[in-house]
J.: 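Dropping the structure in here first, questions after.
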Amino acid sequence: MINGLLLLVVMNKLLSFFKKASFFFVVVNIFTAALGFIRSFAFMKFLGFEELGTITMVNTTASLLSFAQIGLINGGYRIIALKEEKAIEKTNNNILSFLCLISIVVFIATLILILTGIVTDYATALTCIGIGILLLFNNWFTNRLIGSGNLRKLNYANLFSALISLLCLILVYKSGFIGALICLFSQPLIFMFLAIDSSFKFTKFEIDIKHLHYILSFGFIPFLSGIFFLVYSQIERWSISLLLGNEELGKMYLFFIIVTLWTLIPNSILNILYPKAIKYYADQDKEKFHKTIRDNLKIIFLYNIIGIISIILFLSSIISLLFPKHLPYVYLVYLAIPGLISRQFVDPISLFFNSVICLKPLFWSDLFSLLVYCISILYFYITNNIHIYSFVICFDIFFFSKLLYSLIYYVKIKNKY
């Protein structure tokens, strides 16, 4: 009876959270991700292995280029959420000026590499750099729209850019690799034009070192968190490939897909709650601030319950019907359940730390969990017990250690805020 009432309360919180724009923001994110998977499967269908390898490198390099913002986009997100017009305009000018400067430097460097003959496939190189530059600007436009609460425009830009990119798949069928490059380039390009908001005009070119330092005071450590996660994923992929081989890595494809899908809804919800939590804390409205943290916790609690039950009851049946050759590896997803749960319960704690600008615990939790992860892999290697399931256990250990460190520090300091 008590559990039933608790579930009803949590569901009521969840339903009240899903206002129209917020609900469609989550739905559009899931739909966009689904279209991305369809595009990947189409590439696998129509491209050869060498072309697929090149496409992978294009995506990897473009994603790495997005780290050139060094945390300014993360910090600018917080400033926009505070809704202080003068600070927003100055922040917008500085970040766009910095991104323009970075883009020019990268473009000139690429041209030099092409002209000196170091890079011979200039079409691929320029497409790769173009996508990376577009991602830099689009990350800022996305944070701008979320921070200002303009989810309707963001939904529109995400939805139509993804649909147009999907239509471009016909070019992959007709033109092969070149069509794939056009398909990859089209989505961020179209998104950029659709996401531009007249309320955030670029009024002047401005590089104010003092203001950039102010922005980074909010954004650099969250940026480092992204770097740490990138390092974790690279260690995971390369360790499996080198120690077990690419075939074993392929057997973990289902595990990687589920881990990616698992975070879509919680990340979308976190993006919606983050600006609210920042604003409430800045306004010293502690009641609403702590309520936002609790709401996030309740949503994550319900999401974990529904998600885990769904995995246990339906995953094997779905995989046996659609991807039978992956059925022997469903057990890896079951083995990953502790890590999946731990990963999402970190969100409300991270929301708290980011909102109150207590960022060092985020840094140390990421560093601590990465070290524990490396030690775990080393242990399995030394004991000659390296299998694909060993890496899933290390996945569980990584996120549990991150949750444990964050939770201990949260309990220690929460009453101060």
J.: If the condition is ring pair (Phe, Tyr, Trp, His ring centres under 6.0 Å), which residues does F107 pass it with, not counting sequence neighbours?
T.: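 For F107 there are no ring pair (Phe, Tyr, Trp, His ring centres under 6.0 Å) partners, ignoring immediate neighbours.
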
J.: State, to 0.1 Å, how close I102 and A68 come at their nearest heavy-atom pair, and which atoms those are.
T.: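 What the structure gives for the nearest pair is CG2-CB, 3.9 Å.
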
J.: Measure the spacing between CG of L327 and CG of L321 and express it to the nearest 0.5 Å.
T.: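 One finds 11.0 Å between CG of L327 and CG of L321.
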
J.: Taking the side chain as every heavy atom from C-beta outward, state whether I215 and T91 have any atom pair closer than 4.5 Å.
T.: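 Yes, close enough: below the 4.5 Å cut-off.
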
J.: If I compare all heavy atoms of P188 with all of I131, which pair ends up nearest, and what's the gap?
T.: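 Here P188 and I131 meet closest at CG-CG2, 4.5 Å.
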
J.: Check ring pair (Phe, Tyr, Trp, His ring centres under 6.0 Å) between F395 and all other residues, then give those that pass, not counting sequence neighbours.
T.: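 Per chain and number, F395 pairs via ring pair (Phe, Tyr, Trp, His ring centres under 6.0 Å) with F255, F399.
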
J.: Go through I386 and L244 one step at a time and tell me if the side-chain contact (heavy atoms from CB on, under 4.5 Å) criterion holds.
T.: CA-CA 8 Å; I386 282 284; L244 300 177; 3.4 Å; yes

J.: Any idea which heavy atoms bring C183 and V172 closest together, and the distance?
T.: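 Looking at all heavy atoms of both residues, the closest pair is CB-CG2, 4.4 Å.
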
J.: Is there a side-chain contact between S316 and Y334 (heavy atoms, below 4.5 Å)?
T.: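 With C-beta onward as the side chain, the pair touches.
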
J.: With a 4.5 Å limit on heavy-atom distance, are the side chains of L297 and I293 in contact?
T.: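 With C-beta onward as the side chain, the pair stays apart.
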
J.: CG of L332 to CD1 of I393: how many Å apart, nearest 0.5 Å?
T.: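 Going from the CG atom of L332 to the CD1 atom of I393 covers 10.0 Å.
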
J.: If we ignore hydrogens and angles and just use 3.5 Å, is the side chain of N92 paired with the main-chain N or O of I88 as donor and acceptor?
T.: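 No: the side chain of N92 does not pair with the backbone of I88.
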
J.: So how far is it from N143 CG to N138 CG, rounded to the nearest 0.5 Å?
T.: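 The CG atom of N138 is 11.0 Å from CG of N143, to the nearest 0.5 Å.
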
J.: Mind listing the side-chain donor-acceptor pairs of residues 367-382 below 3.5 Å, one per line with the distance, residues two or more places apart or on another chain?
T.:
{"residue": "S369", "atom": "OG", "partner": "S365", "partner atom": "O", "Å": "2.8"}
{"residue": "S369", "atom": "OG", "partner": "D366", "partner atom": "O", "Å": "3.0"}
{"residue": "S376", "atom": "OG", "partner": "V372", "partner atom": "O", "Å": "2.7"}

J.: Can you name the residues that form a side-chain hydrogen bond (donor to acceptor under 3.5 Å, both in side chains) with Y409, not counting sequence neighbours?
T.: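 Per chain and number, Y409 pairs via side-chain hydrogen bond (donor to acceptor under 3.5 Å, both in side chains) with no residue.
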
J.: List the atom pairs, with distances to 0.1 Å, where a side-chain N or O of residues 335-346 and a protein N or O form a donor-acceptor pair under 3.5 Å, not counting sequence neighbours.
T.:
{"residue": "S342", "atom": "OG", "partner": "P338", "partner atom": "O", "Å": "2.9"}
{"residue": "Q344", "atom": "NE2", "partner": "D347", "partner atom": "OD2", "Å": "3.0"}

J.: Does the side-chain contact (heavy atoms from CB on, under 4.5 Å) test come out yes or no for F353 and I413, once each step is laid out?
T.: CA-CA 10 Å; F353 286 142; I413 71 165; 3.5 Å; yes

J.: Of all heavy-atom pairs between Q187 and S161, which one has the smallest distance, and what is that distance?
T.: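 Heavy atoms of Q187 and S161 come nearest at O-CB, 3.5 Å.
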
J.: State, to 0.1 Å, how close N296 and L351 come at their nearest heavy-atom pair, and which atoms those are.
T.: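 Scanning both residues, the minimum pair turns out to be ND2-CD2, 3.7 Å.
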
J.: Counting C-beta onward and ignoring hydrogens, is there a side-chain heavy-atom pair between E236 and I240 closer than 4.5 Å?
T.: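 They are in side-chain contact.
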
J.: If we ignore hydrogens and angles and just use 3.5 Å, is the side chain of S406 paired with the main-chain N or O of L403 as donor and acceptor?
T.: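 No: the side chain of S406 does not pair with the backbone of L403.
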
J.: Which label fits F398 and Y232: parallel for a plane angle under 30°, tilted from 30 to 60°, or perpendicular past 60°?
T.: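 Rings of F398 and Y232: parallel, under 30°.
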
J.: Could you check whether any side-chain N or O of N94 sits under 3.5 Å from a backbone N or O of L212, counting only pairs where one atom can act as donor and the other as acceptor?
T.: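 No, the answer is negative, given that no donor and acceptor are paired below the 3.5 Å cut-off.
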
J.: So L359 and F363, side-chain contact (heavy atoms from CB on, under 4.5 Å) or not? Walk me through it.
T.: CA-CA 7 Å; L359 301 177; F363 172 82; over 6 Å; no

J.: Name the orientation class of the two ring planes belonging to F289 and F352 (parallel below 30°, tilted from 30 to 60°, perpendicular beyond 60°).
T.: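 It falls in the tilted class, 30° to 60°.
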
J.: Other residues, nucleotides and ligands only: do more than 12 of their heavy atoms fall within 6.0 Å of NE2 on H387?
T.: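 Above 12, so yes.
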
J.: Sorted by first residue and then second, give each ring-ring contact (aromatic ring centres under 6.0 Å, His included) pair with at least one member in residues 134-160; sequence neighbours left out.
T.: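 Residue pairs passing ring-ring contact (aromatic ring centres under 6.0 Å, His included), neighbours aside: Y156-F160.
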
J.: Measure the spacing between CG of L315 and OG of S320 and express it to the nearest 0.5 Å.
T.: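 Output value for this atom pair is 9.5 Å.
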
J.: Look up atom CD1 in I164 and atom CZ in F191, then write down how far apart they are to the nearest 0.5 Å.
T.: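 CZ of F191 is found 12.5 Å from CD1 of I164.
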
J.: Can you establish whether the number of heavy atoms outside I357 located under 6.0 Å from its atom CD1 is more than 12?
T.: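 It does: I357 CD1 has more than 12 such atoms within range.
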
J.: Taking the side chain as every heavy atom from C-beta outward, state whether V392 and I388 have any atom pair closer than 4.5 Å.
T.: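 When only atoms from C-beta onward are counted, I388 and V392 do not touch, as no gap falls below 4.5 Å.
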
J.: Does Y303 use its side chain to pair, donor to acceptor, with the backbone of W262 at less than 3.5 Å?
T.: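 Looks like yes, one N/O pair under 3.5 Å.
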
J.: Which distance, rounded to the nearest 0.5 Å, do you find between the CD1 of I308 and the CD1 of I312?
T.: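 Answer rounded to 0.5 Å: 6.5 Å.
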
J.: If you look at every heavy atom in L145 and A195, which pair is closest and at what distance?
T.: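 In this case the closest contact between L145 and A195 is CD1-O, 3.8 Å.
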
